[in-house]
Asker: 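Structure in structure tokens, see below.
For the numbers below, each heavy atom of this structure counts, side chains included, while hydrogens, waters and symmetry mates do not.
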Amino acid sequence: MNNAVFNFDVPQNEPIYEYSKDSKEREALVKELDKQASEKIDIPLIIGGKEVRTGDTGNVVMPHLHSHVLATYHRAGKKEVSRAIDEAKKAKDEWMNMSWTERASIMLKAAELLSKKYRYLINASTMLGQGKNAFQAEIDAACETIDFLRFNANYISIIYNEQPKSSQGILNRMEYRPLEGFIYTISPFNFTAIASNLNMAPCLMGNTMVWKPASTSLLSNYYLMKIFMEAGIPAGVINFLPGSGSTISEVALSDRELSGIHFTGSNATFNTLWKTVAQNLDKYRSYPKVVGETGGKDFIFAHCSAIPEQVATAIVRGAFEYQGQKCSAASRAYIPRSMWKQVKEKIISDIGKIKIGDVRDFTNFVNAVIDKNSFDNIVGYIENARKSPEADIIAGGKYDDGTGYFIHPTVIEVKNPHFITMEEEMFGPVMSIFVYDDDKYEETLKICDSTSPYGLTGSIFSQDRSMSVKACRYLRYAAGNFYYNDKPTGAMVGQQPFGGSRASGTNDKSGSYLNLLRWTNPRTVKETFLPPENFEYDYMKE
């Protein structure tokens with residue numbers, strides 16, 4: 001038995017592959033893309049470590065070529081959900097009693113598998129199934145997923161080594177138990193790394209999982225599940241359940257042993273989950289911990305001292321990378337009138353250079369949005385702006401879903417800072433810009449703060465430090481991740497822990513030790529070496 005006290009050091013962030021022309025990594029990625037595009041796989045449920053096929057199937061398609069079926073997947077029914085919960089309960093005792101260093105070792109092995117053996121597999125599946133270009137897939141499916149796994153090993157070292165003080169004759173210690181029951185995970189389509197971390201962070205703390213992945217990310221998520229198993233995750237610790245969210249939630253949320261929900265997705269879904277948990281409180285053994293990251297209406301705010309070229313570049317990258325389908329994507333901007341001409345000209349010029357199309361063409365900066373529902377929703381906002389006297393489409397506004405769900409990068413100049421596209425999340429390649437008078441900087445900061453119900457990300461561009469500080473103060477709760485002179489996207493694990501409040505979620509900061517703390521149920525243990533044998537205290541004596 002190894003009784004060593006062990007710590008995992010702070011890791012380095014995973015290096016990003018550039019996939020430059022004629023590079024070996026590009027050649028390997030293209031080969032994997034061709035392989036996956038030429039086959040059609042079958043995606044089962046995985047319950048208790050075993051594949052389960054229900055016969056109730058759906059298709060996984062390429063967003064940029066929606067006639068191309070990449071996979072057929074099986075949907076879970078209520079019977080399979082109940083079975084998955086039972087398997088999670090059965091696996092709990094052995095998993096939580098495994099040494100935390102052994103659990104961390106499994107996470108680190110998964111990171112190595114992703115870094116070395118399966119990097120191109122996970123990137124290609126994310127590109128084809130979720131519509132990401134090579135760079136966006138690399139920073140997400142490979143690097144961020146790996147970073148979560150490695151940094152969490154360091155964070156658990158910090159947490160477990162935090163122990164209370166003991167006085168003479170007494171020994172105090174803190175036991176970091178997992179939650180009592182199972183965790184229900186619901187992961188989104190847009191980040192493979194989020195799907196991994198929503199499961200592996202609670203797992204590292206000794207919890208067992210019932211995982212409902214987004215149907216539009218099943219290709220990469222299925223491969224993730226297989227990699228977790230190869231890394232050594234025991235049967236039943238994570239149970240993989242493609243299928244209807246309402247069907248799976250109906251069973252999971254009514255189970256007495258539900259101890260937590262780890263969620264990333266829409267506000268509407270998260271609100272429904274929370275309300276259902278509240279209605280079921282009398283059923284549960286303990287109060288479930290509800291952790292979620294939801295929507296955003298993320299902003300770029302420029303002061304008149306800012307450099308116009310930097311502001312315009314941040315808008316183009318922040319709004320249109322991955323088609324604006326990031327929770328952190330910039331979707332509204334506030335530009336002073338004195339620099340608007342320069343910013344506008346560069347935005348229009350840059351958008352004119354953007355190529356749109358298949359993820360396998362590495363020259364394309366913008367690809368397809370995820371599915372028909374998303375396409376129709378975004379188009380609705382564009383057409384609303386086209387018809388409104390309060391808005392002008394100054395770039396883009398075109399779309400076509402004939403072969404893929406393509407929407408051109410669109411910029412809307414609004415006359416009303418409360419126009420609908422300034423307030424509501426669209427989750428697409430649409431940026432709305434309000435031009436304000438230079439002398440109304442503070443007034444416009446207040447408008448920015450009060451316009452949206454969200455509080456996820458935002459940035460200030462300014463060369464005047466006092467104005468940057470003023471913006472940071474005015475926008476204190478408008479963004480959980482706030483940036484000076486940078487686009488409001490691209491948070492890195494270990495560098496910018498991610499999350500927001502207001503309608504953007506519970507702000508439990510994935511990519512830091514704070515998120516891991518949510519998946520523990522601490523117990524303080526006090527041992528007294530020589531207990532008293534008389535009830536009387538000294539003050540009672542005459």
Side-chain angles (χ1 to χ4, degrees), residues 36 39-63 66-92 121-122 125-126 128-130 181-189 192 194-196 198-200 203 208-230 233-258 261-266 269 272-273 276 370-373:
Q36 291 189 27
E39 61 188 13
K40 179 181 173 182
I41 69 167
D42 182 61
I43 299 177
L45 289 62
I46 299 179
I47 301 174
K50 297 178 181 178
E51 296 186 350
V52 175
R53 291 171 172 80
T54 63
D56 178 12
T57 61
N59 290 330
V60 176
V61 303
M62 295 181 181
H66 47 61
S67 62
H68 187 123
V69 178
L70 292 163
T72 300
Y73 70 92
H74 294 257
R75 298 185 182 95
K78 292 182 180 180
K79 178 180 68 176
E80 288 76 30
V81 181
S82 294
R83 180 177 161 191
I85 293 170
D86 288 342
E87 291 293 334
K89 293 175 185 177
K90 284 198 303 184
K92 181 67 173 292
L121 177 141
I122 204 67
S125 60
T126 298
L128 296 175
Q130 290 147 263
F182 70 93
I183 309 294
Y184 178 33
T185 293
I186 303 173
S187 61
F189 80 84
T192 303
I194 292 175
S196 174
L198 289 179
N199 288 285
M200 296 298 255
C203 268
T208 55
M209 319 298 295
V210 172
W211 175 19
K212 188 269 182 250
S215 297
T216 41
S217 63
L218 279 176
L219 188 64
S220 67
N221 288 187
Y222 172 63
Y223 287 133
L224 270 182
M225 183 66 194
K226 299 285 279 186
I227 292 166
F228 297 159
M229 294 168 69
E230 183 174 337
I233 288 287
V237 170
I238 301 176
N239 298 278
F240 178 77
L241 295 182
S244 161
S246 59
T247 298
I248 297 169
S249 292
E250 182 181 349
V251 179
L253 299 184
S254 63
D255 194 281
R256 182 171 182 263
E257 300 297 323
L258 177 73
I261 297 173
H262 209 188
F263 173 88
T264 296
S266 73
T269 301
T272 298
L273 292 168
T276 304
I370 192 65
D371 61 15
K372 176 66 172 172
N373 288 339

Asker: When you compare the side chain of T192 with that of Y223, does any pair of heavy atoms fall below 4.5 Å?
Answerer: no
Asker: Is there a side-chain contact between N59 and T72 (heavy atoms, below 4.5 Å)?
Answerer: yes
Asker: Nearest 0.5 angstrom please: M209 CE to N199 CG, how far?
Answerer: 4.5 Å
Asker: Could I get the full list of ring-ring contact (aromatic ring centres under 6.0 Å, His included) partners for F182, not counting sequence neighbours?
Answerer: none
Asker: Taking all non-hydrogen atoms of both residues into account, name the closest pair between V237 and C203 and its distance.
Answerer: CG1-SG, 3.6 Å
Asker: Would you check if the side chain of E80 reaches a backbone N or O of G77 as a donor-acceptor pair within less than 3.5 Å?
Answerer: yes
Asker: Answer whether the closest heavy-atom distance between the side chains of I46 and M229 falls below 4.5 Å.
Answerer: yes
Asker: Starting at OG1 of T264, measure out to CG of L198 and round the result to the nearest 0.5 Å.
Answerer: 4.5 Å
Asker: Does atom NZ of K50 have more than 12 heavy-atom neighbours, drawn from other residues, nucleotides or ligands, at distances under 6.0 Å?
Answerer: no
Asker: Heavy-atom distance under 4.5 Å between the side chains of M200 and I233, does that happen here?
Answerer: yes
Asker: Taking it one step at a time, do T247 and R75 satisfy side chain to side chain contact (heavy atoms under 4.5 Å, CB included)?
Answerer: CA-CA 10 Å; T247 298; R75 298 185 182 95; over 6 Å; no
Asker: Looking at L45, is its backbone amide N or carbonyl O close enough to the side chain of H74 to form a donor-acceptor pair, meaning the two atoms are under 3.5 Å apart?
Answerer: no
Asker: Taking all non-hydrogen atoms of both residues into account, name the closest pair between S215 and V60 and its distance.
Answerer: O-CG2, 4.2 Å
Asker: Which pair of heavy atoms, one from A195 and one from L224, lies closest together, and at what distance?
Answerer: CB-CD1, 4.3 Å
Asker: Nearest 0.5 Å, please: how far is CG in N221 from CD in Q130?
Answerer: 6.5 Å
Asker: Take the angle between the ring planes of F240 and Y222 and call it parallel below 30°, perpendicular above 60°, tilted in between.
Answerer: tilted
Asker: At their closest point, which heavy atom of L241 faces which heavy atom of V81, and how far apart are they?
Answerer: CD1-CA, 4.0 Å
Asker: Are any non-hydrogen side-chain atoms of L273 and I186 less than 4.5 angstrom apart?
Answerer: yes
Asker: Measuring from T216:OG1 to D371:CG, what's the distance to the nearest 0.5 Å?
Answerer: 6.0 Å
Asker: Give a yes or no on whether a salt bridge exists between E87 and K90, defined as a side-chain N under 4.0 angstrom from a carboxylate O.
Answerer: yes
Asker: Report yes if some heavy atom in the side chain of T57 is under 4.5 Å from a heavy atom in the side chain of D42; otherwise report no.
Answerer: no
Asker: Yes or no on side chain to side chain contact (heavy atoms under 4.5 Å, CB included) for L253 and I261, after CA distance, side-chain angles and deciding distance?
Answerer: CA-CA 9 Å; L253 299 184; I261 297 173; 3.7 Å; yes
Asker: Go through the steps to decide whether S220 and S217 satisfy the test side chain to side chain donor-acceptor pair (under 3.5 Å), and finish with yes or no.
Answerer: CA-CA 6 Å; S220 67; S217 63; 5.2 Å; no
Asker: Quick check against the 3.5 Å criterion: does T208 have a side-chain atom that pairs as donor or acceptor with the backbone of A88?
Answerer: yes
Asker: Looking only at non-hydrogen atoms, find the nearest pair between P213 and S187 and report the distance.
Answerer: CA-OG, 3.3 Å
Asker: In Å and rounded to the nearest 0.5 Å, what is the CD1 to OG distance from I85 to S254?
Answerer: 7.0 Å
Asker: State whether the side chain of D255 and the backbone N or O of V251 hold a donor-acceptor pair below 3.5 Å, judged by distance alone.
Answerer: no
Asker: Mind listing the closest non-hydrogen atom pair of I194 and P188 along with its distance?
Answerer: CG2-CD, 3.7 Å
Asker: Has N239 got a side-chain atom pairing as donor or acceptor with G48's backbone, closer than 3.5 angstrom?
Answerer: yes
Asker: Short question: side chain of S249, backbone of S246 - any donor-acceptor pair under 3.5 Å?
Answerer: no
Asker: With rounding to the nearest 0.5 angstrom, report the CD1 to CZ distance, I183 to F263.
Answerer: 15.5 Å
Asker: I want to check something: taking the side chain as every heavy atom from C-beta on, are P44 and V52 in contact at a cut-off of under 4.5 Å?
Answerer: no
